Amino acid sequence: MKNFYVTTPIYYVNDAPHIGHSYTTVLADILTRFHKILGYQTFFLTGTDEHGQKVQRAAEKRGVTPQEHVDEYYHRFEDLWKKMGIGNDFFIRTTMPEHKAFVQECLQKLWDKGEIYSKEYEGWYSVGEERFFGEDELDENKCDPISHRPVEWLKEKNYFFKMGSYQQKLIDFLESHKDWIVPDYRWNEIRGFLRQPLNDLCISRPKARLSWGIPLPFDTDYVTYVWFDALLNYVSASTAFHKTYADGTPIWPATYHLIGKDILTTHSVYWPTMLMALDIPLPQHILAHGWWLVNGGEKMSKSAGNVVNPMDYMEKYGIDAFRYFLAREMVVGQDANFTHDAFVRRINSDLANDLGNVLNRVHRLVLNNFEGKLPAATSIGDAEKEVIDLANKVIAEIKEGLPQARLSQSIETIMQLVRSINRYLEVKAPWKLAKDPSLKDELATVLYVSAEAVRLSLCLLWPVIPGKAEEGLAMIGCKFQSADDLAWGILKGGEAFGEGKPLFPRIEEEVKKPEAQPKPKQNKPLMAADVPAAMDMRVAQIKEVADHPDATSLYVLKVDAGEGELRTICSGLKNSYKAEELQNRKILLFANLKPSALRGIMSQGMLFAGDLDNEAHTCRLVSVPEDAKPGDRALFKGVAPNEPRELKVKDFEKIALSVKGGAVFCDTLALEVNGKPVTCDVADGNGVH
RNA sequence: GGCGGUUUAGCUCAGCGGUAGAGCACUGGAAUCAUAAUCCAUUGGUCCGGGGUUCAAAUCCCUGAACCGCUACCA
C-alpha cells in the first residue's frame, strides 16, 4: 500500500489564527483526502509550538503559569480545525512529555557524537531587545541603538550545532534531488543561499533568560532554542506517538512538509542538516506556498471600504465554499489575492451555477419522473460514451497530477466533468423526453448517466468540499465508501433519492466586473544627458542620528526635507563623521531615488558627499548655502528640471559629479541652490556620490 | 551589486519550436428540467519592446523595460 504523510508547520500558540494558518492546514487536509480516495494510507500532522519567550511573558502578564497559558491558548487552533472539518490524525504540542523526551534524546545523541559544542560569547546585551550588540553598534551614549536603553556587558556561553560541516553534504543531496523543494524556483533559491559559507547554529538560551523551554540534557542551566524544539515535532509525532500505519509500515519520513515561503530556509537548510547529523532519513518533499494578499496587499486602504477579513467568509458562506475558494484560486507556490468579488464570482459560477445546479436538475428530474428512484440505463449511445470517457479521463488525470500537488488545475479538471453533464442534459433534453411515455427508456438512460457522472464529480470533489459532497451524495441515494468507488458504474439503478435542497445557494450580491488596469507606461531608458534634469535634489536638515543596529559603518538618519514628514536615510558616514557633527547639519538629499533596504532598514534617498580618501572610505558632505532652507531644490545651472520620476542607482551612475574649485559640477554644469553654488571641501577632480 | 523568476484576451492563468488556448467577464441567440441557473455562437491578442538563430519562434539566444523573490555594510 502506498503511504502519504503530510505536515503543516506547528503554529506559534500565542498567534491568533489567520488566513495563512488556515490555508496551509486546508491544503494539507485536501492533499490528504485526495490521497485517501486514491487508496493511500495517510497520516496528517499539525500542532502548536508552545515554548519561548513570548509565551513566558504572556503568561506572566496574565498571572498564570506558562503551561496554564498554553493549555488554554492551543485550543484556538484545535477548535478552528475542528470547525473547518480538518481531519488531522494527530495534534502535537511541543509541551507534551513524549515530545520533550524525544528532543532531549536527540540532543544527547548529538552531544555524544560531538556535533554540538559550547562557545563563550561576549558583548553588550540589551535586555529590552533580547540580543547582543557590538561595541561599534551602540549609540552615542553607549546605549542600545534601537530602544536607547542602557546595555550591560555580558559574557555568555551558548551551545552550537555544527551545521556548517553539513554544507557540502546538503549541496550534494540537493543536486541529486532536484524535485525536493516544490516549486522548483525555491530549490534554486536555496541552492543559491548555499553558495555562501553556512554558519553553525546557536541552539540554546541560558535558563536565566529563557526558562520556558526544553532543558538541554547535558547542561540543565540551558534550554534549547526553537530549532530542535520545534522542527523535531515532525519526527517525534511519527515515532514517539504514532509509529506505523495500520499495515505496520513506519510513518516517517514525511512525504510533504507544507510550509509558507517565509520559513523555507529553516525547513530546507537547518532541518535537513539536523536530520543528517541524527542519521534520520530526510523528508521526501518540502512544499512552499505563497501568501494570500488581502485587501490588495496593502494598497487598498480601510477608507476605500473594501477591507476583507477572510476568516469571516467561512462563517458567512460556509466552510466548504471557503475551502473551495482557497484551493481553486491559489496556484500553489504563487501569491494570490483574496477579494470579495473574486470569491463571489468563483463560488457562484463553479459551485452554485455548475455543480449545485446540475445536481439539483438531476435530482428533481428523477423525483418527478421516477418517483425518486434512480432508473437503470437501457442503452449506451455516443453521447453517453462521451460523458463516460471524459469521466475516466478526469480520474486518470487526477491520479497523475496528484504528486505535483497542482490543486487548482486538478479542480479545474473536475469542473470540466461537471460542465459536461450540463451540456449532456441540454443535448438530450430529458424534460422533453418525459412528455412522451414511449421514450421512457431513453429518459431512464439520460438520468442514470447524469446521476452517475454527478456522483463521480462529487466523489472527486470530496477532498475539497467534504461536507457538501457527502450531502450531495445523500441526495442521490449513495455514499462514498472506498477508493473503488472512483470508477464508472457504481450506481446500479434502484437507489432511492433523498431529500434535496440547493447545495450551494447562489450568493446574491452585486459584483464589479474585473477592471482593466492601465498598462504601465513603458519607461524609456534614461540617457546620461537626461539624468541631470531628472534628479530631484533638495536641501535637508539632519534631525536625528542613530547607529544602524546591524551595520558597523551605517548611520540611520532622520532628515527634514521640507515635506512635513521626516525621511529615513541610511548612510555610510561613520568613518567620516561623529554623530554630533551631523546633528542639525544641512545636507543635500537625492530625494527621488528608489528606496531600498540597507541591512533591514529602508533608506529613502541618499546624501551627497565628495570622496576624501578612497582607501579609508571617508568623505566630506557637500555644503549648501547658509540661507538655504529644507526643501529648497538644487539645480544644475541652465538645466530646467523635468517631471519628477523615481530614479535608480543605475541611472545616477550614468553621470559623474565631481568637484572643481571647491564647487560641485556635473561635467560643465554647476550645481546651485537659489543661484548660489553647492560646495564641497575635497580636492579638485574628486567624485561626488 | 550578485543570482533567479515573471510579463500571453477586460480579469485569473495554461501553453514553452510547428495554424494563439481555458475558466470567468462581454455581446447575440436557443431552451424552460433547474438555484434568473444552463446550452450554442460570436467578440476580443504587435504572446512587454528591440535585435538574432531557424523552413518555422509566445516558445531558443542576445539586449532594453516593468514588476517580483532570494542575497549583499552600494546610501
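Computed from a predicted model, the values in this text were never measured in an experiment. Heavy-atom basis, side chains included; hydrogens, waters and symmetry copies ignored. The sequence lines fix the lettering, A, B, ..., with proteins before strands; numbering per chain opens at 1.
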For [X], report the nucleic acid contact type (base, sugar-phosphate, nothing); a contact means any heavy atom under 4.0 Å.
X: Arg423(A); result: sugar-phosphate
X: Asp354(A); result: sugar-phosphate
X: Gln416(A); result: nothing
X: Gly192(A); result: nothing
X: Pro430(A); result: nothing
X: Leu365(A); result: base
X: Tyr555(A); result: nothing
X: Leu503(A); result: base

Does the side chain of [X] get closer than 4.0 angstrom to OP1 or OP2 of [N] through an N or O atom?
X: Asn360(A); N: U35(B); result: yes
X: Asn353(A); N: U38(B); result: yes
X: Arg345(A); N: C24(B); result: no
X: Arg364(A); N: A34(B); result: yes

Separation between the [atom1] atoms of [N] and [M], rounded to whole Å:
N: A14(B); M: C40(B); atom1: C1'; result: 24 Å
N: C68(B); M: A30(B); atom1: P; result: 49 Å
N: C60(B); M: U7(B); atom1: P; result: 11 Å
N: U59(B); M: C16(B); atom1: P; result: 13 Å
N: C74(B); M: C11(B); atom1: P; result: 39 Å
N: G18(B); M: C24(B); atom1: C1'; result: 30 Å
N: G49(B); M: U38(B); atom1: C1'; result: 44 Å
N: U8(B); M: C67(B); atom1: P; result: 15 Å

Does the pair [X]/[Y] count as a salt bridge with the N-to-O cut at 4.0 Å?
X: Arg419(A); Y: Asp354(A); answer: yes
X: Asp536(A); Y: Arg538(A); answer: yes
X: Lys578(A); Y: Glu581(A); answer: no
X: Glu189(A); Y: Lys261(A); answer: no
X: Glu495(A); Y: Lys373(A); answer: no

Mate of [N] where both pairing distances stay under 3.5 Å, Watson-Crick or G-U:
N: A56(B); value: none
N: G1(B); value: U71(B)
N: C48(B); value: G64(B)
N: U42(B); value: none
N: C24(B); value: G10(B)
N: U19(B); value: none

Rounded interatomic separation in angstrom, taking [atom1] from [X] and [atom2] from [N]:
X: Lys432(A); N: A30(B); atom1: NZ; atom2: P; answer: 13 Å
X: Leu264(A); N: G4(B); atom1: CG; atom2: C1'; answer: 13 Å
X: Asp335(A); N: G69(B); atom1: CG; atom2: P; answer: 8 Å
X: Phe325(A); N: C24(B); atom1: CZ; atom2: C1'; answer: 12 Å
X: Arg361(A); N: A36(B); atom1: CZ; atom2: C1'; answer: 13 Å
X: Glu508(A); N: A37(B); atom1: CD; atom2: C1'; answer: 10 Å

Starting the side chain at C-beta, find the nucleotide from [options] nearest to [X].
X: Arg419(A); options: C33(B), G23(B), C13(B); result: G23(B)
X: Glu412(A); options: U35(B), G15(B), G23(B); result: G23(B)
X: Trp431(A); options: A31(B), U35(B), G23(B); result: A31(B)
X: Arg186(A); options: G69(B), G23(B), U35(B); result: G69(B)
X: Glu426(A); options: A72(B), U35(B), C39(B); result: C39(B)
X: Arg406(A); options: A14(B), U71(B), U38(B); result: A14(B)
X: Pro502(A); options: U35(B), A37(B), C13(B); result: U35(B)
X: Gln334(A); options: U38(B), A22(B), A14(B); result: A14(B)

Checklist entry - On RNA chain B, nearest-nucleotide positions of Trp291(A) versus Asn422(A): which is more 5'? => result Asn422(A)
Checklist outcome for this item: The answer to which of Ser420(A) and Gly605(A) contacts RNA chain B further toward the 5' end, by nearest nucleotide, is Ser420(A)
Next on the checklist: For Phe173(A) and Trp180(A), take the angle between the two ring planes, folded into 0 to 90°, and tell me which bin it lands in: parallel under 30, tilted 30 to 60, perpendicular over 60.
Outcome noted: perpendicular
Item to check | Ring geometry between Phe608(A) and Phe590(A) (parallel below 30°, tilted from 30 to 60°, perpendicular above 60°) | outcome: parallel
Checklist entry - Just one of Leu425(A), Val366(A), Leu439(A), Thr445(A) clears the side-chain contact (heavy atoms from CB on, under 4.5 Å) bar with Pro430(A), so which one? => result Leu425(A)
Checklist entry - Under 6.0 Å from the six-membered ring centre of Phe370(A) and within 45° of its axis: does the NZ or CZ of Lys440(A) meet both? => result yes
